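Step one of this worksheet: look at the structure below.
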Number of protein chains: 2
Amino acid sequence: MARGSTRPTSRDVAEAAGVSQAAVSLVLGDKWRGRVSPTTAERVRHAAQELGYRPNLAARNLRLGRTRTVLLVVPALTTEFFAGVYTGAARVAAQHGFGVVLYPSPEGIGPARDPFGSAQAALDGVIASSMAADALTAIRGDQLPLVMLDSDPTGSQGAATVNLDIADGVRQVTDHLLELGHRRFLHLAADIPSWTFEVRARELASRLCETPGTSLRATRAPISFEDALTATQTALTTPGPRPTAVICDDDKLAAGAYKAARRLGLRIPDDISITGLDDLALARALDPELTTVRLDAERFGEQGMKALLAVLDGRTPPQEDIPVELVVRGSTAPPSA
Amino acid sequence: MARGSTRPTSRDVAEAAGVSQAAVSLVLGDKWRGRVSPTTAERVRHAAQELGYRPNLAARNLRLGRTRTVLLVVPALTTEFFAGVYTGAARVAAQHGFGVVLYPSPEGIGPARDPFGSAQAALDGVIASSMAADALTAIRGDQLPLVMLDSDPTGSQGAATVNLDIADGVRQVTDHLLELGHRRFLHLAADIPSWTFEVRARELASRLCETPGTSLRATRAPISFEDALTATQTALTTPGPRPTAVICDDDKLAAGAYKAARRLGLRIPDDISITGLDDLALARALDPELTTVRLDAERFGEQGMKALLAVLDGRTPPQEDIPVELVVRGSTAPPSA
DNA sequence: AGGGAGAAGTTATACGTAACACTTGGGCGT
DNA sequence: ACGCCCAAGTGTTACGTATAACTTCTCCCT
């Protein structure tokens, strides 16, 4: 019988099975072949089951010097996108006996002092989405293996990076609209200082530079319906020829653009085309459904975790960008003029 | 200087500061008043800073017998709702020096064998959203303190429960529609066997029973746009007088109902009223904006964590339901007939 | 018959931390 | 002058696990 309140240890199991603690460790660690007889092994397993034995992970971690736990830092959890990243990362992790702890931080990893805030777990490595430069150095100083998601590969101080091919997504959107005949564009940009948004702006600008006869206006807004609405409304009522297509940095911004268009009495897509980026469930809830770029969040998370596992094994992580896919729906059409 | 690759321990700090390891532990644990002189304490802190010392959490956890880490089990991460629950729980946890590890499980906690899947962290307690009965017993057997969210208080085997006052939300929605003059209702129910959805159905039915001259149809669908669309479309084209109001178990289902209404050529809210439940960002992206019930997810998470902390302290957790609030927007109006 | 190889274990140890119990030296009251 | 107390530490131990190193015993080959 269990002696009251405290959880049984491997020693309790050993006593119950009439063997030494070492034998228990061997059996339960599946290293008993040729070291313990099958009947004894079975006896140990039975005793463990009987007592409801669960290994003490703190002790195991201390002994082994590793925790098989990694930290995933995401800027926010409020979107399906990072939920998907987590799901993918956790799936791969589980296949390798790893756990994933989440640290949602509004501003990526915090300052050098206590960079992980409340993430208490003992860690083997870190996957981070957005991160201040000094925090990056702090982590590097901690010697913690690090993989960065959607970050500038040239500024990563040697950390491995895994990126979505956002630039290609922007190219696909732009080409799609150009083929439809659009020439005057509005870029509704996310007001967040992050590499992934810089890439959007840069790629869009350079693509349109190559095409004569095009014009590009840009406006910025925090990622929220209200802000996106007012920013778009202002931009569309500015004097001069009105843009015929709005390219948004993500789907939520696009939803704000929808509202702005409606408020101005513009029909989508007849009077104005709108595109997003993410392909959230929201994209198909809008009316008409949103033309957008599908980001495979789960695959992104998977690749991030695979890269981290590679680093942990001392291997070189793969370095290919994850492809993205244009999804054409009802929010884009040839311009009416 | 650090001796190469391995991370510095408290003993390294002690050596650098010229004191014993015990003194380092006292100083860094802030228990040095009256035991170590201020100047020595400062010297220790400086040495720790210099070496970039970080305590080994595995060792600390083993020594203290607790981890200051709790597990939050959520059915899915794909919605802002559980993101909010996590945010609230993590905030309260951080205030008490706790960390929160997330375990998103499609079916709540798994079967008795290895109930936490890949959640490897050593835990002090568990907060769980939805859970199979046998998994519940398994955890109880583990002696892990447990708080259950939105679960049947009578079936919780003595575990503490924290609930949103969903029944009141359903009452508010129903009364709102009744006051507008609606009498024929369609209930678009989530096809998920969970207490929180049972409450919705039960409360709605009992509320309408009390009001003579009302009728209630019900249909079920998994929480996805496509399924909600087809289910609603079928239900609305069934022979007999058409319902004038659709009450949906959550906002995502409502978005599906919007599409079904549009496909049938019904205008919202002129021809049909639609209500949701959650108040996701989606609710304000829809056109017209959705009348729904606001659930304060963060407060929910906070209360859950507070309850767990109470259990960990041996106190009795508070047992009040968290109030919810009807938010009337553009998707409800008096019936046209 | 002798010994070497393997099977079937056991004993002992280290991981890094926190805290209890102990030591030392000086200051102070009477 | 004696004892006592307090400041300022140090020595030691235990937490539960995994594993290297050791011990027995039996079997089998030459």
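In what follows, chains are A, B, ... by sequence order, proteins preceding strands, each numbered from 1. As a basis for the values below, the full set of heavy atoms in this structure was taken, side chains included, without hydrogen atoms, waters or symmetry mates. All values reported here derive from a predicted model rather than from experimental measurement.
Counting any heavy atom pair closer than 4.0 Å across all strands shown, A:Val19 reaches sugar-phosphate atoms only and no base atom. Within 4.0 Å (heavy atoms only), A:Leu64 reaches sugar-phosphate atoms of the nucleic acid but no base atom.
Here the P atom of nucleotide C:dG16 and the CG atom of B:Leu62 are 12 Å apart, to the nearest Å. As rounded to whole Å, 9 Å separates atom P of D:dG16 from atom CG of A:Asp12. As rounded to whole Å, 14 Å separates atom C1' of D:dC15 from atom CZ of A:Arg7. Rounded to whole Å, the distance from CZ on A:Arg11 to P on D:dA14 is 11 Å. Summarising the geometry, the separation between CG on B:Asn61 and P on D:dG16 is reported as 13 Å, rounded to the nearest angstrom. In this structure, the CD atom of B:Glu15 is 13 Å from the P atom of D:dG11, given to the nearest Å. Whole-Å rounding puts the B:Arg54 CZ to C:dT17 P distance at 13 Å.
The backbone N or O of A:Ala17 sits less than 3.5 Å from a side-chain atom of A:Arg43, completing a donor-acceptor pair. A donor-acceptor pair is defined here as one N or O able to donate and one able to accept, closer than 3.5 Å; such a pair exists between the side chain of A:Asn163 and the backbone of A:Asp150. Without hydrogens or angle criteria, B:Ser129 side chain to B:Val73 main chain gives a donor-acceptor distance under 3.5 Å. In terms of modelled atom types and a separation under 3.5 Å, the side chain of A:Arg68 and the main chain of A:His96 share a donor-acceptor contact.
Residues from residues 30-41 of chain B lying near DNA chain D, meaning a heavy-atom separation below 4.0 Å, are B:Arg35, B:Val36, B:Ser37, B:Thr40 in numerical order.
If you take OG1 on A:Thr39 and CD on A:Glu42, they are separated by 9.5 Å, rounding to the nearest 0.5 Å.
For B:Ser20 and D:dT10, the shortest distance from a side-chain N or O to OP1 or OP2 is below 4.0 Å.
Of the candidates D:dT17, D:dG11, C:dG16, D:dT17 carries the atom nearest the A:Ser10 side chain, counting heavy atoms from C-beta on. Closest to the A:Leu26 side chain, of the nucleotides C:dG16, D:dT19, D:dG11, is D:dT19. Comparing C:dA12, C:dA19, C:dT17 by their closest approach to the side chain of B:Asn56 singles out C:dT17. For B:Arg60, taking side-chain heavy atoms from C-beta onward, the closest of the listed nucleotides C:dG16, D:dT17, C:dT17 is C:dT17.
Each of B:Ala23 and A:Gln21 was matched to the nucleotide of DNA chain D holding its nearest heavy atom; the match closer to the 5' end belongs to B:Ala23.
At a threshold of 4.0 Å, the pair B:Glu302-B:Arg299 does not count as salt-bridged, since none of the basic side-chain nitrogens sits closer than that to a carboxylate oxygen.
Inspection of the B:Thr196 and B:Ser194 side chains reveals no N or O donor paired with an N or O acceptor under 3.5 Å.
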